[in-house]
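Working notes, beginning with the structure itself.
Keep in mind that the numbers below use all heavy atoms, side chains included, and drop hydrogens, waters and symmetry copies.
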Amino acid sequence: MKKNIVLIFLIGIGCISIAQETPKNIDFSAVEQHFIIMDLLLSGQEPATKQWDELFNTPAYEELISREFRNPIRFQEVLRAAYLPGCSKSIEDILLKIDRKGNWWTAWVTSLLAAYENIPNQKNELIELMKEYKNLEYTDFTIKEVSRFLPDQQFENFPQIAFIIFNDSRGYDPIILSLNSFINTMDDRDNKALDCMISKGFEKNYSFQLLYAHEAFHYYRKKKEEFKYPENNDPYNSLIWIMNQIENEGIADQIDKQNQYFYPGCFADTKEGEKYLSYLAIQPNLIQRMDSIFAEILIQPDSAKVFSRKFSRMIPRSGHQTGFYMCNAIIEVFGEKSLIPIVRNPFGFFKLYQKAALKNDIYPSFSQNAMSCIEMLERRFKL
């Protein structure tokens, strides 16, 4: 482990003292165990209980299962469907085996099954990628990006990175990164785009550095959240969740999406870039729909649960593009540093967007009823 180096960054409203170390706590055990399970299943063998346990006891799976999926069978049955000859790949059959149903689970199983099916052909590439990432320096880069948006903060003891074969990433502790997503990203990008990045002084693993910084932002932001989540049975539960997602993902996307699709912009024409930009295009209309639901919640508080769920379900991609769009409005009018005081407060984020929209009519503003609803929510849930 390298000796700690204290760096001082002058940003925003003061000095940030940063104890920096190049982290060596990168964990690939979930990927390595995935390969063992995959090879057994492809050969027609059912893994022993001990082998399944060795997979699900890795840091990445332990965190995902404890926080979200509760039962390892939900991964186990998708793995079997993907790799075991003769096992049904029917989404309906898999959902029945894992005792889940609904649109979210259907989409999750479909996406994860598609990711797993590519892994046998990607195995050698993934092994080479692990070798590269073990020696990649990214701490300085991450601190620089994360500190743009957080108030006075000491960045110590970088969280463990746990790589996994998955269809998404998480800003948990450990930070969970889908190793195969980087292979898929590179497949979507032609040599011209990669050459463009290198010509601007970036290296080929720039996407990894950006995504780690994005997830590290989530990790550090959650340390000092300035609001309380409502209980599961609270009528505003799903509304507060998506409002927080909009702020949290919108600011984090200023780290990685801004640097890839806008500045330096080399990946705007890739499949991922075009998809992201297509969601941005619908945001003005979406904000008008948000406005209507906020107003309905204020007028009909007895139906808050129904409207909250409707609000949450209409926001695509867990709020990434909605939050990014709102961030852009704020930055254009007030500058990037204006986000620092409200970075952990979704109500303050919506109110700051409103101020920006009223000064720049390119962006739709909220009605008085909608703002009254947001202020009511702030009084109820802000710490």
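Evaluation of the side chain to side chain contact (heavy atoms under 4.5 Å, CB included) rule for N232 yields N237 as partners, not counting sequence neighbours. Considering only residues two or more places apart in sequence or on other chains, C373 meets the disulfide (SG to SG under 2.5 Å) condition with none of them. The side chain to side chain contact (heavy atoms under 4.5 Å, CB included) search around N369 returns A295, L298, I299, S367, not counting sequence neighbours. Taking R379 as the reference, E375, M376 meet the side chain to side chain contact (heavy atoms under 4.5 Å, CB included) condition, with sequence neighbours excluded.
Side-chain contact, R221 with N244: a donor N or O sits under 3.5 Å from an acceptor N or O. A donor-acceptor contact under 3.5 angstrom links the side chains of Q254 and N328, judged on distance only. Residues Y363 and E332 bring a donor and an acceptor atom of their side chains to less than 3.5 Å of each other. Side-chain contact annotation: E249 with H214, donor-acceptor N/O pair under 3.5 Å present.
Residue pairs satisfying the disulfide (SG to SG under 2.5 Å) criterion with at least one member in residues 313-355, sequence neighbours excluded, are absent. Screening residues 199-287 for disulfide (SG to SG under 2.5 Å), with sequence neighbours left out, gives C196-C266.
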Derivation of the side-chain contact (heavy atoms from CB on, under 4.5 Å) call for N71 and D99:
CA-CA 10 Å; N71 192 331; D99 191 27; over 6 Å; no
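Here the shortest heavy-atom pairing between A30 and F163 reads CB-O, 3.4 Å.
For the side chain to side chain donor-acceptor pair (under 3.5 Å) with D253, the lone residue among Y325, Y261, Y276 that qualifies is Y276. A side chain to side chain contact (heavy atoms under 4.5 Å, CB included) with E77 holds for exactly one of I98, V109, L113; it is I98.
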